[in-house]
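Predicted model, so just to flag it, every value in this text is computed and none were measured.
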Amino acid sequence: MCPPFSDPNQRLFVRNASLSDLSGIIALSRRVYAGTDMYGYSRGPLTGQINTFPDGQFVAMLGDTVVGYCATFRIAGDIALAPHDWTSITGNGYASRHDPEGDWLYGMEVCVDPECRGYRIGERLYNERKQLCQRLGLQGVVFAGRLPTLRKRLKKYESVQAYIEAVKSKEQSDPVLSFQLHNGFEVHGVIPNYLDTDHDSMGYGVHLIWRNPKVPQAGPEAKAKRYGKRMPDTVRVGTVQYQQRPVASFDEFSDIVRYFVDVVSTYKGDFVVFPELFTLQLLSIERREGSAADAFAAVTHYAGRFRDLMRDLALRYNINIIAGSTPVREEDGTVHNTAFVCLRDGQVFTQPKIHPTPNEAYWWNVRGGNRVSAIETDCGPIGVLICYDAEFPELTRHLVDQGVQIVFVPFCTDERQSYLRVRYCCQARAVENQVYVVLSGNVGNLPNVPNMEIQYGQSCILTPCDFPFARDGIAADTEPNVETVAFADLRPEVLITARNSGTVKNLQDRRHDLYSVNWRGE
């Protein structure tokens, strides 16, 4: 049914569950627990969960189909952190122990359609729990997790505790506990007879907690500060400085791209950004004779596969992908330099380059587009300007007028002077529009690919120049011409504060009585 999420019109998204979802949740739970000694949900408990605490129940939807379900309720810490069993603490599955004044969020269920596993649906549901916990100002999330491989593997270990320690030390992998540890939960203890019908777990539950970083942890449960964790209220961006290299097949190219998406996703990135025209390395698969324009146009045959690859990776790794740019042949036969933006809910947007460079127009017959649009994401509206477009101030101003706070600039430059034109203009765009600007470029050489023989790049993440931001207006930078990834946490709230009460207020102080951007394109 689900993989490979081939219908481009289907979105994968998470929302609060409603009573109209009951049939879908029931069908999902029966698929999930088929072949075990546990049963799926019936209408009664689900109705109780949703009516008792509607803000705490979530469904993951693929189009109109329920592919994931998450149930929670509030409870006091002295109950949730003490030993208990599933039936008593959940009120036999009805969430009837919900306490509106409870200081912990209890997770009583997470289930994901077996046909949709591998697309981080469970991670999305856990993230909803964490966000709800933070919105409510609760101490954290607590639950008891399953150990579905325990019965098969316990003979190797002296005890359940020894098995759990082996999973924590990564000597042993567990499909559930390993995932929960990766998502920031810590082991609080082991609960015997937590759910006796869970024979694979031998009735045991692993008592797990996640502590809300927005509230102070007091008393004996308090933990020392943990360094390297993500700060709240930020958008984490990873920009890829991409090494051009010959590849033998599209699959080899896909493996390289997947590696970088995986890296940024592992660091909990919200966006991963690739360079302009980095897909031209696909020309190394087969050496084509003919003009540079013919070679460039040949890459358009990969546009569909490239788009599907990036959409699948965005879904699979739960990250928004600014997929650089690639040649795309339009319905009228013209070739555009086009950026795909693949969101983690399955939506795909395109942004054509408006201004082809003289070389692009001469060697490759590239035509310019006529649309620059804000793209709505789960991190707010963003915009994409491809390389040369960043050198035209009107385009960024048009995006900012649409509410954009982050502008992504995939670029491809052959030598340092070309690169500095793009960089200096991007820094100017960041200052004059009070926006974040993210650059991603190619490095290295690509012999026998016309107009791509050499690359110069120094990817970076730029900010306005004012007190709340980095000293030099540079949130992150890279070494020139070295394949790497640079990260930065960008704070939309700080940007808004700077716009309203900064040392200078470029947006507020514009003389609208004298000038404006009047867009005549789409």
Side-chain angles (χ1 to χ4, degrees), residues 11-34 36 38-82 84-113 116 121-146 191 194-198 205 208-210 212 345 378:
R11 290 178 56 208
L12 175 61
F13 59 96
V14 177
R15 59 168 172 79
N16 282 111
S18 68
L19 294 177
S20 63
D21 297 314
L22 290 182
S23 297
I25 299 171
I26 291 169
L28 167 70
S29 68
R30 291 176 178 171
R31 291 196 299 273
V32 169
Y33 292 115
T36 72
M38 296 181 290
Y39 302 98
Y41 281 101
S42 59
R43 298 184 70 88
L46 292 173
T47 302
Q49 294 167 21
I50 294 171
N51 284 337
T52 299
F53 185 35
D55 288 344
Q57 322 311 321
F58 302 96
V59 285
M61 305 294 298
L62 179 61
D64 297 324
T65 303
V66 178
V67 295
Y69 178 60
C70 172
T72 67
F73 58 91
R74 291 178 65 166
I75 196 165
D78 57 352
I79 300 174
L81 299 178
H84 57 267
D85 62 74
W86 188 86
T87 300
S88 63
I89 202 165
T90 67
N92 201 28
Y94 284 78
S96 56
R97 295 287 299 276
H98 172 66
D99 177 2
E101 301 299 321
D103 56 347
W104 285 81
L105 193 68
Y106 193 91
M108 61 178 290
E109 178 67 75
V110 168
C111 57
V112 174
D113 193 315
C116 295
I121 294 173
E123 180 182 277
R124 298 165 201 255
L125 294 170
Y126 275 86
N127 287 343
E128 291 292 337
R129 276 183 178 171
K130 293 175 182 178
Q131 291 168 15
L132 174 63
C133 176
Q134 292 181 336
R135 287 197 301 272
L136 297 175
L138 305 183
Q139 289 290 312
V141 180
V142 58
F143 65 94
R146 298 185 63 219
I191 306 176
Y194 177 74
L195 185 61
D196 289 335
T197 57
D198 185 1
L208 295 159
I209 58 176
W210 174 83
N212 183 355
D345 67 358
D378 57 0

(message) Just so I know, are the side chains of T52 and F73 near enough to count as touching, which here means a heavy-atom distance under 4.5 Å?
(response) no
(request) Measure across I75 and A80 and return the closest heavy-atom pair with its distance rounded to 0.1 Å. (result) CG2-CB, 3.5 Å
(request) Compare every heavy atom of C70 with every heavy atom of R129, then report the nearest pair and how far apart it is. (result) NE-SG, 3.1 Å
(message) Would you say that L19 contacts T47 through its side chain, given a criterion of any heavy-atom pair below 4.5 Å between the two side chains?
(response) yes
(request) Kindly give the heavy-atom pair with the smallest separation between S29 and G40, and that separation in Å. (result) OG-CA, 3.4 Å
(request) Find the distance between CG (L22) and CZ (R43) and round it off to the nearest 0.5 Å. (result) 4.5 Å
(message) If I compare all heavy atoms of V141 with all of C133, which pair ends up nearest, and what's the gap?
(response) CG2-CB, 4.1 Å
(message) Between L28 and C111, is there a side-chain heavy-atom distance shorter than 4.5 Å?
(response) yes
(request) Please confirm whether the backbone N or O of G56 pairs with a side-chain atom of T72, one donor and one acceptor, at under 3.5 Å? (result) yes
(request) Might you work through the side-chain contact (heavy atoms from CB on, under 4.5 Å) test for Y39 and T197, ending with a clear yes or no? (result) CA-CA 9 Å; Y39 302 98; T197 57; 5.8 Å; no
(message) Using 0.5 Å steps for rounding, measure from the CG atom of D55 to the CG atom of L136.
(response) 7.0 Å
(message) As an exercise, state the distance from CD1 of I50 to CZ of F58, rounded to the nearest 0.5 Å.
(response) 11.5 Å
(message) A side-chain contact here means heavy atoms from C-beta on lying under 4.5 Å apart; do Q57 and I25 qualify?
(response) no
(request) Decide yes or no for T90 and E109: does some side-chain heavy atom of the first lie under 4.5 Å from some side-chain heavy atom of the second? (result) no
(message) Whether R15 and D21 form a salt bridge (side-chain N of Lys/Arg under 4.0 Å from carboxylate O of Asp/Glu) is what I want to check.
(response) yes
(request) With rounding to the nearest 0.5 Å, note down the distance linking CG in D196 to OG1 in T87. (result) 8.0 Å
(message) Do L12 and V67 have side chains that approach each other closer than 4.5 Å (heavy atoms only, starting at C-beta)?
(response) yes
(request) Measure the acute angle between the ring planes of H84 and Y194, then classify it against the limits of 30° and 60° as parallel, tilted or perpendicular. (result) perpendicular
(request) Please round to the nearest 0.5 Å and tell me the distance separating atom CZ of R135 and atom CG of L105. (result) 10.0 Å
(request) Answer yes or no: is there a donor N or O on one side and an acceptor on the other, between the side chain of D345 and the main chain of R11, under 3.5 Å? (result) no
(message) Do Y41 and Q49 have side chains that approach each other closer than 4.5 Å (heavy atoms only, starting at C-beta)?
(response) yes
(request) Would you sort out whether I191 and D85 count as a side-chain contact (heavy atoms from CB on, under 4.5 Å), showing the intermediate values? (result) CA-CA 8 Å; I191 306 176; D85 62 74; 5.9 Å; no
(message) Please report the interatomic distance CG(N212) to CG(L132), rounded to the nearest 0.5 Å.
(response) 10.5 Å
(request) Would you name the heavy atoms of A17 and Y69 that are closest together and state the gap between them? (result) CB-CE1, 4.2 Å
(message) Less than 4.5 Å apart, side chain to side chain, heavy atoms only: is that true for L81 and W104?
(response) yes
(message) If I compare all heavy atoms of R74 with all of F53, which pair ends up nearest, and what's the gap?
(response) CG-CZ, 4.1 Å
(message) Using only atom types and a distance under 3.5 Å, with no angle test, would you say the side chain of R124 pairs donor to acceptor with the backbone of F13?
(response) no
(request) Run the numbers on M38 and R146 for side-chain contact (heavy atoms from CB on, under 4.5 Å), then give the verdict. (result) CA-CA 12 Å; M38 296 181 290; R146 298 185 63 219; 3.6 Å; yes
